[in-house]
Amino acid sequence: MGRGDLSDREWARLEPHLPNNAGRGGRWKSHRRVINGILFRQRTGVPWHDLPTRFGKWKTVHDRHRRWSADGTWERILRAVQADADAEGRIDWSMVSVDSTSCRAHQHCCGRPHWRGTYPRRRSQPVHHHSDEALGRSRGGLTCKIHLAGEGGRRPLAFVITPGQWGDAPQLIPVLERIRVPRPAGGHPRTRPDHLGGDKAYSSRRNRRYLRRRQIKHTIPERKDQRANRRRRGSAGGRPTGFDRTIYKRRNEVERTINALKGFRAVATRFDKRAYVFHGTVAVAALRLWLRS
(Lines give C-alpha, C1' and ligand atoms only; values in the text may rest on other atoms or scores of the structure.)
Protein backbone atom coordinates (compact mmCIF):
# COMPACT_ATOMS: atom_id res chain seq x y z
CA MET A 1 0.00 0.00 0.00
CA GLY A 2 1.47 3.34 -1.08
CA ARG A 3 1.34 6.65 0.72
CA GLY A 4 -2.16 8.15 0.54
CA ASP A 5 -3.83 4.90 -0.58
CA LEU A 6 -6.96 3.58 1.08
CA SER A 7 -6.29 1.52 4.18
CA ASP A 8 -8.07 -1.80 4.76
CA ARG A 9 -10.43 -0.13 7.24
CA GLU A 10 -11.28 2.69 4.82
CA TRP A 11 -11.76 0.23 1.98
CA ALA A 12 -14.16 -1.81 4.11
CA ARG A 13 -16.29 1.32 4.59
CA LEU A 14 -16.23 2.20 0.89
CA GLU A 15 -16.52 -1.15 -0.90
CA PRO A 16 -20.21 -1.92 -0.12
CA HIS A 17 -21.31 1.30 -1.87
CA LEU A 18 -19.39 0.88 -5.14
CA PRO A 19 -21.14 -0.12 -8.40
CA ASN A 20 -21.30 -3.87 -8.95
CA ASN A 21 -20.01 -5.63 -12.03
CA ALA A 22 -22.84 -6.38 -14.43
CA GLY A 23 -22.95 -8.15 -17.74
CA ARG A 24 -20.69 -10.69 -19.35
CA GLY A 25 -17.10 -10.44 -18.15
CA GLY A 26 -17.92 -7.59 -15.76
CA ARG A 27 -17.75 -3.90 -16.52
CA TRP A 28 -15.57 -2.59 -13.70
CA LYS A 29 -12.25 -4.10 -12.70
CA SER A 30 -9.74 -3.27 -9.98
CA HIS A 31 -11.95 -0.79 -8.15
CA ARG A 32 -9.44 -0.33 -5.35
CA ARG A 33 -6.44 0.23 -7.61
CA VAL A 34 -8.30 2.70 -9.83
CA ILE A 35 -9.71 4.67 -6.88
CA ASN A 36 -6.23 4.83 -5.34
CA GLY A 37 -5.04 6.27 -8.65
CA ILE A 38 -7.80 8.89 -8.56
CA LEU A 39 -6.87 9.79 -4.97
CA PHE A 40 -3.20 10.08 -5.96
CA ARG A 41 -4.08 12.57 -8.66
CA GLN A 42 -6.38 14.52 -6.30
CA ARG A 43 -3.68 14.75 -3.64
CA THR A 44 -0.75 15.66 -5.89
CA GLY A 45 -2.45 17.46 -8.79
CA VAL A 46 -0.30 15.75 -11.43
CA PRO A 47 -1.58 15.47 -15.03
CA TRP A 48 -3.45 12.25 -15.73
CA HIS A 49 -0.75 11.16 -18.17
CA ASP A 50 1.83 11.22 -15.36
CA LEU A 51 0.10 8.74 -13.06
CA PRO A 52 2.48 6.01 -11.79
CA THR A 53 2.16 2.69 -13.57
CA ARG A 54 1.20 0.89 -10.35
CA PHE A 55 -2.32 2.28 -10.84
CA GLY A 56 -2.66 0.76 -14.30
CA LYS A 57 -3.40 2.68 -17.49
CA TRP A 58 -3.91 6.39 -16.88
CA LYS A 59 -6.82 6.49 -19.32
CA THR A 60 -8.71 3.83 -17.35
CA VAL A 61 -8.34 5.89 -14.18
CA HIS A 62 -9.28 9.13 -15.94
CA ASP A 63 -12.30 7.68 -17.75
CA ARG A 64 -13.76 6.12 -14.62
CA HIS A 65 -13.46 9.37 -12.71
CA ARG A 66 -15.04 11.32 -15.58
CA ARG A 67 -17.94 8.87 -16.05
CA TRP A 68 -18.70 8.61 -12.34
CA SER A 69 -18.64 12.41 -12.16
CA ALA A 70 -21.04 12.69 -15.10
CA ASP A 71 -23.69 10.24 -13.90
CA GLY A 72 -23.56 11.30 -10.22
CA THR A 73 -21.99 8.08 -8.92
CA TRP A 74 -19.48 9.91 -6.73
CA GLU A 75 -22.24 11.92 -5.08
CA ARG A 76 -24.33 8.80 -4.43
CA ILE A 77 -21.34 7.10 -2.83
CA LEU A 78 -20.68 10.18 -0.70
CA ARG A 79 -24.26 10.21 0.60
CA ALA A 80 -24.11 6.48 1.36
CA VAL A 81 -20.93 6.94 3.40
CA GLN A 82 -22.54 9.89 5.20
CA ALA A 83 -25.55 7.70 6.00
CA ASP A 84 -23.27 5.08 7.59
CA ALA A 85 -21.55 7.80 9.62
CA ASP A 86 -24.91 9.18 10.79
CA ALA A 87 -26.06 5.71 11.83
CA GLU A 88 -22.91 5.38 13.93
CA GLY A 89 -23.46 8.81 15.49
CA ARG A 90 -20.39 10.35 13.86
CA ILE A 91 -22.14 13.44 12.44
CA ASP A 92 -22.37 16.52 14.68
CA TRP A 93 -25.69 18.11 13.73
CA SER A 94 -25.57 20.55 16.64
CA MET A 95 -23.77 23.15 14.51
CA VAL A 96 -23.56 23.30 10.72
CA SER A 97 -21.73 26.27 9.22
CA VAL A 98 -21.63 27.63 5.68
CA ASP A 99 -18.79 29.40 3.90
CA SER A 100 -17.16 29.66 0.48
CA THR A 101 -13.67 29.51 -0.96
CA SER A 102 -12.22 30.51 -4.33
CA CYS A 103 -10.12 28.15 -6.42
CA ARG A 104 -7.74 29.62 -8.96
CA ALA A 105 -8.19 28.16 -12.44
CA HIS A 106 -5.07 26.69 -14.03
CA GLN A 107 -4.33 27.50 -17.64
CA HIS A 108 -5.06 23.86 -18.58
CA CYS A 109 -8.75 24.26 -17.70
CA CYS A 110 -9.22 27.46 -19.70
CA GLY A 111 -9.97 28.03 -23.36
CA ARG A 112 -12.63 25.36 -23.60
CA PRO A 113 -13.97 24.64 -27.13
CA HIS A 114 -17.65 24.75 -27.99
CA TRP A 115 -19.37 21.82 -26.27
CA ARG A 116 -23.00 20.73 -26.42
CA GLY A 117 -22.99 19.36 -22.88
CA THR A 118 -23.17 15.62 -23.59
CA TYR A 119 -20.50 13.09 -22.68
CA PRO A 120 -19.32 10.15 -24.81
CA ARG A 121 -21.82 7.39 -25.66
CA ARG A 122 -24.63 9.23 -23.89
CA ARG A 123 -27.22 11.65 -25.22
CA SER A 124 -28.06 13.19 -21.86
CA GLN A 125 -26.19 15.97 -20.11
CA PRO A 126 -24.03 15.33 -17.05
CA VAL A 127 -25.74 15.70 -13.69
CA HIS A 128 -23.86 18.86 -12.74
CA HIS A 129 -23.45 20.47 -16.16
CA HIS A 130 -22.85 24.25 -16.25
CA SER A 131 -23.14 26.13 -19.51
CA ASP A 132 -20.47 28.57 -18.27
CA GLU A 133 -18.34 25.69 -16.89
CA ALA A 134 -18.44 27.46 -13.49
CA LEU A 135 -15.59 29.76 -14.49
CA GLY A 136 -15.64 33.51 -14.02
CA ARG A 137 -13.36 36.49 -13.54
CA SER A 138 -12.95 38.07 -10.12
CA ARG A 139 -10.17 40.01 -8.43
CA GLY A 140 -8.03 36.90 -8.42
CA GLY A 141 -8.39 36.40 -12.16
CA LEU A 142 -10.13 33.37 -13.65
CA THR A 143 -11.57 31.46 -10.70
CA CYS A 144 -14.39 29.23 -9.56
CA LYS A 145 -15.95 29.09 -6.11
CA ILE A 146 -16.94 26.25 -3.78
CA HIS A 147 -19.89 27.01 -1.49
CA LEU A 148 -19.77 24.58 1.40
CA ALA A 149 -21.82 23.42 4.38
CA GLY A 150 -19.72 21.64 7.00
CA GLU A 151 -20.80 19.77 10.13
CA GLY A 152 -19.27 20.10 13.58
CA GLY A 153 -16.84 17.25 12.97
CA ARG A 154 -15.14 19.33 10.24
CA ARG A 155 -16.36 17.32 7.26
CA PRO A 156 -18.42 18.62 4.31
CA LEU A 157 -22.11 17.79 4.18
CA ALA A 158 -22.92 19.47 0.85
CA PHE A 159 -21.38 21.87 -1.64
CA VAL A 160 -22.16 23.86 -4.78
CA ILE A 161 -19.76 24.93 -7.56
CA THR A 162 -20.22 28.41 -9.11
CA PRO A 163 -18.14 30.95 -11.05
CA GLY A 164 -15.71 32.91 -8.92
CA GLN A 165 -17.54 36.26 -9.10
CA TRP A 166 -20.85 34.93 -7.74
CA GLY A 167 -21.88 36.15 -4.28
CA ASP A 168 -22.26 34.03 -1.16
CA ALA A 169 -25.74 35.04 0.06
CA PRO A 170 -27.70 33.73 -2.99
CA GLN A 171 -26.04 30.31 -2.61
CA LEU A 172 -27.07 29.66 1.01
CA ILE A 173 -30.39 28.10 0.06
CA PRO A 174 -28.99 25.90 -2.77
CA VAL A 175 -26.29 24.57 -0.42
CA LEU A 176 -28.79 23.74 2.34
CA GLU A 177 -31.12 22.10 -0.19
CA ARG A 178 -28.31 19.67 -1.07
CA ILE A 179 -27.97 18.37 2.49
CA ARG A 180 -29.65 14.97 2.26
CA VAL A 181 -28.29 12.23 4.53
CA PRO A 182 -30.28 9.01 4.00
CA ARG A 183 -31.43 6.90 6.92
CA PRO A 184 -30.48 3.20 6.54
CA ALA A 185 -33.49 2.14 8.62
CA GLY A 186 -35.85 3.92 6.21
CA GLY A 187 -37.77 7.16 6.25
CA HIS A 188 -37.05 10.62 4.91
CA PRO A 189 -33.39 11.65 4.71
CA ARG A 190 -32.19 14.18 7.25
CA THR A 191 -31.93 17.63 5.71
CA ARG A 192 -32.16 20.03 8.65
CA PRO A 193 -29.36 20.84 11.11
CA ASP A 194 -30.02 21.87 14.71
CA HIS A 195 -28.22 25.20 14.29
CA LEU A 196 -26.69 27.09 11.36
CA GLY A 197 -23.80 29.53 11.48
CA GLY A 198 -22.49 31.89 8.84
CA ASP A 199 -20.61 35.15 8.47
CA LYS A 200 -22.20 38.49 7.58
CA ALA A 201 -21.98 37.71 3.84
CA TYR A 202 -25.04 35.47 4.30
CA SER A 203 -27.11 38.12 6.07
CA SER A 204 -30.20 38.87 3.99
CA ARG A 205 -33.95 38.98 4.56
CA ARG A 206 -34.48 36.19 2.07
CA ASN A 207 -32.07 33.84 3.86
CA ARG A 208 -33.44 34.61 7.32
CA ARG A 209 -37.01 34.16 6.11
CA TYR A 210 -36.06 30.79 4.59
CA LEU A 211 -34.38 29.62 7.82
CA ARG A 212 -37.35 30.69 9.95
CA ARG A 213 -39.74 28.88 7.63
CA ARG A 214 -37.74 25.67 8.04
CA GLN A 215 -37.42 26.29 11.79
CA ILE A 216 -33.62 26.28 11.70
CA LYS A 217 -31.98 28.26 14.46
CA HIS A 218 -29.20 30.42 13.06
CA THR A 219 -26.42 32.75 14.13
CA ILE A 220 -25.56 35.19 11.34
CA PRO A 221 -24.27 38.68 12.19
CA GLU A 222 -26.14 41.61 10.70
CA ARG A 223 -24.22 43.80 8.27
CA LYS A 224 -23.55 47.40 9.26
CA ASP A 225 -25.55 48.88 6.38
CA GLN A 226 -28.52 46.61 7.13
CA ARG A 227 -28.43 47.58 10.79
CA ALA A 228 -28.32 51.30 9.91
CA ASN A 229 -31.21 50.90 7.46
CA ARG A 230 -33.31 49.09 10.05
CA ARG A 231 -32.72 51.82 12.63
CA ARG A 232 -33.52 54.55 10.11
CA ARG A 233 -36.93 53.02 9.44
CA GLY A 234 -37.79 52.99 13.14
CA SER A 235 -40.55 50.63 14.23
CA ALA A 236 -41.18 49.67 10.57
CA GLY A 237 -37.67 48.21 10.37
CA GLY A 238 -38.50 45.39 12.76
CA ARG A 239 -36.66 44.06 15.77
CA PRO A 240 -32.89 43.43 15.70
CA THR A 241 -31.71 39.94 14.87
CA GLY A 242 -30.44 37.74 17.69
CA PHE A 243 -26.72 37.03 17.86
CA ASP A 244 -24.85 34.69 20.22
CA ARG A 245 -21.10 35.34 20.27
CA THR A 246 -20.36 32.05 22.04
CA ILE A 247 -22.06 29.96 19.36
CA TYR A 248 -20.55 32.10 16.60
CA LYS A 249 -17.06 31.05 17.72
CA ARG A 250 -17.78 27.59 16.29
CA ARG A 251 -17.87 29.02 12.78
CA ASN A 252 -14.13 28.28 12.55
CA GLU A 253 -15.11 24.63 12.06
CA VAL A 254 -16.20 25.23 8.46
CA GLU A 255 -12.99 27.17 7.78
CA ARG A 256 -10.99 24.20 9.03
CA THR A 257 -13.12 21.95 6.83
CA ILE A 258 -12.19 24.08 3.82
CA ASN A 259 -8.50 23.90 4.79
CA ALA A 260 -8.71 20.10 4.90
CA LEU A 261 -10.53 20.03 1.56
CA LYS A 262 -7.98 22.28 -0.13
CA GLY A 263 -5.20 20.05 1.14
CA PHE A 264 -5.94 18.21 -2.10
CA ARG A 265 -4.00 20.09 -4.78
CA ALA A 266 -6.54 19.24 -7.48
CA VAL A 267 -9.16 21.10 -5.39
CA ALA A 268 -7.03 24.07 -4.33
CA THR A 269 -6.18 24.70 -8.00
CA ARG A 270 -8.71 23.72 -10.63
CA PHE A 271 -7.18 21.69 -13.45
CA ASP A 272 -10.43 20.16 -14.79
CA LYS A 273 -11.79 21.79 -17.91
CA ARG A 274 -15.40 20.71 -17.37
CA ALA A 275 -17.44 21.83 -14.39
CA TYR A 276 -19.02 18.41 -13.80
CA VAL A 277 -15.58 16.78 -13.64
CA PHE A 278 -14.40 19.35 -11.08
CA HIS A 279 -17.58 18.71 -9.11
CA GLY A 280 -16.62 15.03 -9.03
CA THR A 281 -13.10 16.01 -7.96
CA VAL A 282 -14.46 17.91 -4.95
CA ALA A 283 -16.82 15.02 -4.16
CA VAL A 284 -13.91 12.54 -4.11
CA ALA A 285 -11.94 14.83 -1.78
CA ALA A 286 -14.97 15.12 0.53
CA LEU A 287 -15.43 11.34 0.40
CA ARG A 288 -11.79 10.88 1.44
CA LEU A 289 -12.37 13.04 4.50
CA TRP A 290 -15.43 10.99 5.50
CA LEU A 291 -13.56 7.69 5.16
CA ARG A 292 -10.92 8.77 7.66
CA SER A 293 -11.42 7.84 11.28
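Predicted, not measured: the structure shown is a model, and the values here were computed from it.
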With ring centroids as reference points, do [X] and [Y] lie under 6.0 angstrom apart?
| X | Y | answer |
| --- | --- | --- |
| W68 | W74 | yes |
| H65 | W48 | yes |
| F278 | H128 | no |
| H129 | Y276 | no |

Donor-acceptor under 3.5 Å ([X] side chain, [Y] main chain):
| X | Y | value |
| --- | --- | --- |
| R183 | A185 | no |
| H279 | G72 | no |
| R213 | I216 | no |
| D99 | E255 | no |
| K145 | S100 | no |
| E10 | S7 | yes |
| Q82 | L157 | yes |
| R208 | H218 | no |
| Q42 | V267 | no |
| D244 | T219 | no |

Would you say that [X] contacts [Y] through its side chain, given a criterion of any heavy-atom pair below 4.5 Å between the two side chains?
| X | Y | answer |
| --- | --- | --- |
| R230 | E222 | yes |
| T101 | L148 | no |
| R288 | F264 | yes |
| L211 | L176 | yes |
| V181 | W93 | yes |
| R13 | V81 | no |
| L18 | W11 | yes |
| I247 | H195 | yes |

Under 4.5 Å between side-chain heavy atoms, counting indirect links through other Ile/Leu/Val/Met/Phe/Trp/Tyr residues: same cluster for [X] and [Y] or not?
| X | Y | value |
| --- | --- | --- |
| I35 | L291 | yes |
| L39 | W58 | yes |
| V96 | I173 | yes |
| F40 | L287 | yes |
| L289 | M95 | no |

Q171 and T162: CA distance, side-chain angles, deciding distance, side-chain hydrogen bond (donor to acceptor under 3.5 Å, both in side chains) verdict
CA-CA 9 Å; Q171 303 306 317; T162 66; 5.5 Å; no
Less than 3.5 Å apart, any donor N or O on the side chain of R251 or Y248 sitting next to an acceptor on the other?
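Side chains of R251 and Y248: pair found under 3.5 Å.
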Do you see a donor-acceptor pair shorter than 3.5 Å between the side chains of T73 and R76?
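Yes - a donor-acceptor pair under 3.5 Å links their side chains.
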Please say which of R250, R154, R155 ends up in a salt bridge (Lys or Arg N to Asp or Glu O under 4.0 Å) with D92.
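Among R250, R154, R155, the one meeting salt bridge (Lys or Arg N to Asp or Glu O under 4.0 Å) with D92 is R250.
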Among R54, R33, R32, exactly one meets salt bridge (Lys or Arg N to Asp or Glu O under 4.0 Å) together with D5. Which residue is that?
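Of all the options given, the one that passes is R54.
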Would you say that more than 12 heavy atoms from the other residues, nucleotides or ligands in this model lie under 6.0 Å from the [atom1] of [X], or not?
| X | atom1 | result |
| --- | --- | --- |
| R206 | CZ | no |
| R214 | CZ | yes |
| R265 | CZ | no |
| K262 | NZ | yes |

Taking all non-hydrogen atoms of both residues into account, name the closest pair between [X] and [Y] and its distance.
| X | Y | answer |
| --- | --- | --- |
| P19 | I77 | CD-CD1, 4.4 Å |
| P193 | T191 | CD-O, 3.8 Å |
| R104 | L142 | CD-O, 3.7 Å |
| R43 | G4 | NE-CA, 4.0 Å |
| C144 | A134 | CB-O, 2.9 Å |
| R79 | P182 | O-CD, 3.6 Å |

Using 0.5 Å steps for rounding, measure from the [atom1] atom of [X] to the [atom2] atom of [Y].
| X | Y | atom1 | atom2 | answer |
| --- | --- | --- | --- | --- |
| L135 | I161 | CG | CD1 | 11.0 Å |
| R205 | R212 | CZ | CZ | 10.0 Å |
| Q226 | K200 | CD | NZ | 10.0 Å |
| R227 | R231 | CZ | CZ | 5.5 Å |
| L51 | I38 | CG | CD1 | 9.5 Å |
| R67 | H62 | CZ | NE2 | 10.5 Å |

Stepwise side chain to side chain contact (heavy atoms under 4.5 Å, CB included) check, R270 with T281:
CA-CA 9 Å; R270 174 176 168 176; T281 297; over 6 Å; no
Check against side-chain hydrogen bond (donor to acceptor under 3.5 Å, both in side chains), N259 and R256
CA-CA 5 Å; N259 288 340; R256 294 159 69 184; over 6 Å; no
Are any of the side-chain nitrogens in E133 or R274 under 4.0 Å away from the carboxylate oxygens of its partner?
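Judged by the 4.0 Å cut-off on N to carboxylate O distance, E133 and R274 do form a salt bridge.
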Begin from the C-alpha positions of H147 and V98 and carry the test side chain to side chain contact (heavy atoms under 4.5 Å, CB included) through to its verdict.
CA-CA 7 Å; H147 303 267; V98 291; over 6 Å; no
Could you walk me through whether E75 and R178 pass the side chain to side chain contact (heavy atoms under 4.5 Å, CB included) test, one step at a time?
CA-CA 11 Å; E75 201 162 26; R178 288 185 179 273; 3.9 Å; yes
